[in-house]
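No hydrogens, no waters, no symmetry mates; every other heavy atom, side chains included, goes into these values. Predicted model, so just to flag it, every value in this text is computed and none were measured.
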Amino acid sequence: MPGRITLLTGGAGVGKTTVCKQLVAMATERGYRCAGLLSEALVEGGRCVGASVIDLSTGRQRELARIDRKLGPLNVGRWSFNPSGLEWGDALLRGLGACDLLAVDEIGVLELERGLGWRDAWGVLERRQFAMAVVIARPRLVEQVRNLVAAHEVLTVTRATRDELPRQMIKTLDALVAQMRTGVG
């Protein structure tokens, strides 16, 4: 059934974003329309010092958060968030139309507990103008996100599953896109 929402979860640094990136690469190779946001770690001197946010439609990116310096008044734990990066990503979500694959990396404390961050993710997910959406959520928040977005499934990324998950997910996407294009569902 098109409009399927899959949650990806797993521990910090296990490869949730990497799985999502691999899925996007496979989908792009097949000519599918990909949209949404992915976070990219900013590594300096061999350690993660921040994150940027990438627009999947254009490849453009903005600074999202840092742990090594203050970017603005919004902080969660050791992370300082860039207000203009958050607004840019949220505006991108707000303006999204139909696509084959939608990615939202990630729905977390900002969205659930503070009403900030990717606020417009709720609207784009509710419209279900996609064959498949992949939403990343931390393990402690996954049930709350699952209930809010009416996710169809939760896939847990581990070191043992992360190589196979993109291949498994692209098969699901292939079937959903075929259903959308033939009107069978």
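Ile107 and Ala121 get closest at one heavy-atom pair: CD1-CB, 4.3 Å. Of all heavy-atom pairs spanning Ala12 and Arg138, the tightest one is CB-NH1, 3.7 Å. Closest non-hydrogen pair, Val145 versus Ala137, comes out as CG2-CB, 4.0 Å. Across every non-hydrogen atom of Gly89 and Trp118, the tightest pair is CA-CZ3, 3.4 Å. A pairwise comparison of heavy atoms in Gly11 and Pro139 identifies N-CG, 4.2 Å as the closest pair. In plain terms, the two heavy atoms of Ala27 and Leu101 that are nearest each other are CB-CD2, 4.0 Å.
Arg146 has no carboxylate O lying under 4.0 Å from a charged side-chain N of Glu153, or vice versa, which leaves the two without a salt bridge. Ion pairing between Lys16 and Glu106 fails under the 4.0 Å rule for side-chain N and carboxylate O.
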Can you give me every donor-acceptor pair (side chain of residues 122-135, partner residue at least two apart or in another chain, under 3.5 Å) with its distance?
unit_1: Arg127; atom_1: NH2; unit_2: Leu96; atom_2: O; d: 3.4
unit_1: Arg128; atom_1: NH1; unit_2: Gly3; atom_2: O; d: 2.6
unit_1: Arg128; atom_1: NH2; unit_2: Val149; atom_2: O; d: 3.1

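Atoms CG and CG, from Leu71 and Leu64 in turn, are 9.0 Å apart once rounded to the nearest 0.5 Å. Interatomic distance, Leu23 CG to Arg167 CZ, rounded to the nearest 0.5 Å: 12.0 Å. The distance from the NE2 atom of His152 to the CD1 atom of Ile5 is 7.0 Å, given to the nearest 0.5 Å. The CD1 atom of Ile136 sits 4.5 Å away from atom SG of Cys20, with the distance rounded to the nearest 0.5 Å. The distance from the CG atom of Asp163 to the OG1 atom of Thr18 is 10.0 Å, given to the nearest 0.5 Å. With rounding to the nearest 0.5 angstrom, the CD1 atom of Ile54 is 7.5 Å from the CG atom of Leu56.
A heavy-atom distance below 4.5 Å is found between the side chains of Thr156 and Thr158. Contact of the Gln144 side chain with the Leu148 side chain is registered, since non-hydrogen atoms from C-beta on lie closer than 4.5 Å. Within the 4.5 Å cutoff, the side chain of Thr9 has no heavy atoms near those of the Leu155 side chain. Contact check for Val19 versus Met169: side-chain heavy atoms found under the 4.5 Å cut-off. Looking only at side-chain heavy atoms (C-beta outward), Leu86 and Leu110 come within less than 4.5 Å of each other. Taking the side chain as every heavy atom from C-beta outward, Val109 and Leu141 approach each other to under 4.5 Å. Side-chain contact check for Leu173 versus Met26: every heavy-atom pair is 4.5 Å or farther apart. Between Pro83 and Pro73, the closest side-chain pair of non-hydrogen atoms falls below 4.5 Å.
Shown here are the salt bridge (charged side-chain N to carboxylate O under 4.0 Å, His left out) partners of Glu143, two or more places apart in sequence or in another chain: there are none. Residues passing the salt bridge (charged side-chain N to carboxylate O under 4.0 Å, His left out) test with Asp174, sequence neighbours excluded: Arg30. In terms of the salt bridge (charged side-chain N to carboxylate O under 4.0 Å, His left out) criterion, residue partners of Arg94 (sequence neighbours excluded) are, by chain and number, Glu87, Asp90, Asp120. Listed by chain and number, the residues in a salt bridge (charged side-chain N to carboxylate O under 4.0 Å, His left out) with Arg162 amount to none (sequence neighbours excluded).
Under the 4.5 Å side-chain heavy-atom criterion for ILVMFWY residues, a single connected hydrophobic cluster contains both Trp88 and Leu93. Leu165 and Val24 fall within the same hydrophobic cluster, defined by Ile, Leu, Val, Met, Phe, Trp and Tyr side-chain heavy atoms under 4.5 Å apart, directly or through other members. Clustering ILVMFWY residues whenever any of their side-chain heavy atoms sit less than 4.5 angstrom apart, transitively, puts Leu102 in the very cluster that holds Val142. The hydrophobic clustering, which links ILVMFWY residues whose side-chain heavy atoms are closer than 4.5 Å, places Phe81 and Leu37 together.
Using a distance-only test at 3.5 Å, with no hydrogens or angles considered, a donor-acceptor pair links the side chain of Asp105 to the main chain of Ser39. Between the side chain of Asp100 and the backbone N or O of Arg33 there is at least one donor-acceptor pair closer than 3.5 Å. A distance-only check finds no donor-acceptor pair linking the side chain of Ser52 to the backbone of Leu42 [under 3.5 Å].
Residues in residues 69-81 take part in these side chain to side chain donor-acceptor pair (under 3.5 Å) pairs, two or more places apart or across chains: Glu63-Arg69, Asn75-Ser80.
Applying salt bridge (charged side-chain N to carboxylate O under 4.0 Å, His left out) to Glu40 and the options Lys21, Arg62, Arg60 leaves one that passes, Lys21.
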Pair Lys171-Glu164, salt bridge (Lys or Arg N to Asp or Glu O under 4.0 Å): steps then yes or no: CA-CA 11 Å; Lys171 289 177 185 175; Glu164 183 56 33; 5.2 Å; no
